[in-house]
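Here the structure is laid out as structure tokens; the discussion comes afterwards.
Small disclaimer: the values here were computed from a predicted structure and weren't measured. The figures here come from the full heavy-atom set of this structure, side chains too, leaving out hydrogens, waters and symmetry mates. Just so we're on the same page: letters track the sequence lines, and every chain starts at 1.
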There are 2 protein chains.
Amino acid sequence: MAANSRLTIATHVLAWLALAQRRGREVLTSDQVAASVNTNPVIIRRSLGDLRRAGLVEVRHGAGAGWSLARSPEGITLLEVYDAVGAQPPFGLHHTEPNLECPVGRGIRPALSDVYSRVERVVRQELADTSIADVLRETLLK
Amino acid sequence: MAANSRLTIATHVLAWLALAQRRGREVLTSDQVAASVNTNPVIIRRSLGDLRRAGLVEVRHGAGAGWSLARSPEGITLLEVYDAVGAQPPFGLHHTEPNLECPVGRGIRPALSDVYSRVERVVRQELADTSIADVLRETLLK
DNA sequence: CCTTACTGCAACACCTTCTGTTACAGCGTA
DNA sequence: TACGCTGTAACAGAAGGTGTTGCAGTAAGG
């Protein structure tokens, strides 16, 4: 499978909403966001649904509907986006239970769980150190 | 799809080889390793092939064939195993190119590449700090 | 009240990757 | 030479992501 791009899509959406807001546009529709990401509006609505459930964006229904940031771009970290989109952790344990009569088979899963927890922790720390405002600033410099 | 378990399988294999070596067994066949991991021997041979190409294990052909560690378990880090199995990075960029006429679409990919590089770096650092000997020790304690 | 425009979501097809399995040729030691 | 194991191709099945269509729900604005 291709690498998971959900964090990328969601971050792109939030950065675009942040820029629109700064330019004085109150809301954007999923069609307008999809035009920037260059994908189907339903993909965008799925991502925006995740972000809405996490309290990062707000939606307005009816005529003149659309999306806007629920909080300032400086206060939204990539860690919140990561949790919002429910990305899977990078490493998984065995699909089938190892042979428990083997000393390695018995203890390897808790041992590796510890290692993977440490990896997950540093990843989360790194994501927590970057905000949507940071990403937008870097984006406009490129 | 289920999470990627290749690093887990390869680490299990190496830990089992390390323990067998300590117990005085010169080599293990892929069938014997598969019995501990509880999977098909071909899965194990695929993993061992990756590890052999990376110089972490050695194979003996012909009658009395089998596998053994090429280096001491203290000197093999999980980072080397990670590189050997060619695991994909946790995050991917857009599948389709964003709209380059949008300022966000133009700059978002290099900006996110920087973020993802930082994440990759801390993951690699964490994996480099753990050896097969560490994993085996923790495994036997559980 | 009714039109209008957009959201929310189900359903589906397609693609890719991973796991697991069978089969068999290749190889080197005893 | 015979044997046992490796190396690898080929294939099936499962799972998840992406993209697409279709349609009901919803509220602003005339």
Side-chain angles (χ1 to χ4, degrees), chain A residues 1-10 12-13 17 20 25-35 37-54 57-68 70 85-98, chain B residues 1-10 12-13 17 20 25-35 37-54 57-68 70 85-98:
Chain A
M1 177 191 21
N4 193 312
S5 66
R6 296 209 310 225
L7 179 60
T8 294
I9 301 299
H12 185 148
V13 169
L17 286 180
R25 301 202 53 160
E26 283 185 33
V27 298
L28 289 180
T29 68
S30 61
D31 268 63
Q32 292 167 327
V33 177
V37 181
N38 192 24
T39 185
N40 192 289
V42 175
I43 302 291
I44 300 301
R45 289 209 283 270
R46 283 209 272 252
S47 184
L48 281 164
D50 288 337
L51 298 173
R52 176 177 55 76
R53 277 181 286 276
V57 299
E58 286 168 345
V59 62
R60 231 167 63 184
H61 279 271
W67 302 85
S68 56
V85 300
Q88 64 181 355
F91 306 123
L93 295 179
H94 307 67
H95 286 193
T96 59
E97 180 171 74
Chain B
M1 180 188 17
N4 192 309
S5 66
R6 297 211 305 227
L7 179 61
T8 294
I9 300 298
H12 185 150
V13 168
L17 286 181
R25 303 202 52 159
E26 283 185 33
V27 298
L28 289 180
T29 68
S30 61
D31 268 63
Q32 292 168 327
V33 177
V37 181
N38 191 23
T39 185
N40 192 289
V42 174
I43 303 291
I44 300 301
R45 288 208 285 269
R46 282 208 274 249
S47 184
L48 281 164
D50 288 337
L51 298 173
R52 176 176 55 77
R53 277 181 284 275
V57 298
E58 285 169 345
V59 62
R60 230 166 63 184
H61 279 272
W67 301 85
S68 56
V85 300
Q88 63 181 353
F91 306 123
L93 295 179
H94 307 66
H95 287 194
T96 60
E97 181 170 73

Criterion side-chain contact (heavy atoms from CB on, under 4.5 Å) against I9(B), the qualifying member of T39(B), D50(B), V85(B), I44(B): I44(B)

D50(A) CG to dT18(D) P, straight-line distance once rounded to whole Å: 11 Å

Euclidean distance, atom NE2 of residue H95(A) to atom C1' of dA15(D) [Å, nearest integer]: 9 Å

R46(A) (side chain) and dG17(D) (base): donor-acceptor pair under 3.5 Å: no

Rounded interatomic separation in angstrom, taking CD1 from I44(B) and C1' from dG7(D): 15 Å

Residue-phosphate contact under 4.0 Å: T29(A) side-chain N/O, dC6(C) OP1/OP2: no

Comparing T96(B) and V42(B) on DNA chain D - which has the more 5′ nearest nucleotide: V42(B)

Given DNA chain D, 5'-ward residue of the pair R60(A) and G66(B), judged by closest heavy atom: G66(B)

Side-chain N,O (R45(B)) to OP1/OP2 (dG7(D)) below 4.0 Å: no

Below 4.0 Å: OP1/OP2 of dG17(D) and any side-chain N or O of R6(A): yes

G62(A) or N38(B), whichever maps to the more 5' nucleotide of DNA chain C: G62(A)

Length of the NE2-P vector between H12(B) and dT19(C), whole Å: 15 Å

Rounded distance (nearest 0.5 Å) linking atom OG1 of T29(A) with atom CG of L48(A): 10.0 Å

Any H61(A) side-chain nitrogen or oxygen under 4.0 Å from OP1 or OP2 of dG8(C): yes

Nearest-neighbour nucleotide for the N40(B) side chain, dG22(D), dG20(C), dT19(C) considered: dG20(C)

Sugar-phosphate, base or nothing in reach of V59(A), heavy atoms under 4.0 Å: sugar-phosphate

d(CD, E97(A); C1', dG20(C)) in whole Å: 18 Å

Touch class at under 4.0 angstrom, heavy-atom based, for A63(B) against every strand present: base

Nucleotide nearest I43(B) (side chain, heavy atoms from C-beta), chosen from dG20(C), dT7(C), dG19(D): dG20(C)

Spatial distance of atom CG (L17(B)) from atom CD (E58(B)) [nearest 0.5 Å]: 11.0 Å

Spacing between R52(A) atom CZ and dC6(C) atom C1', to the nearest angstrom: 14 Å

Nearest-nucleotide pick for A65(A), side chain only, options being dC6(C), dG20(C), dT8(D): dC6(C)

Given dC9(C), dA9(D), dT19(C), the nucleotide with the shortest approach to the side chain of S5(B): dT19(C)

For R6(B) against G86(B), the heavy-atom pair lying closest together: NH2-O, 3.2 Å

Main-chain N/O of G92(B) paired to T8(A) side chain as donor or acceptor, under 3.5 Å: yes

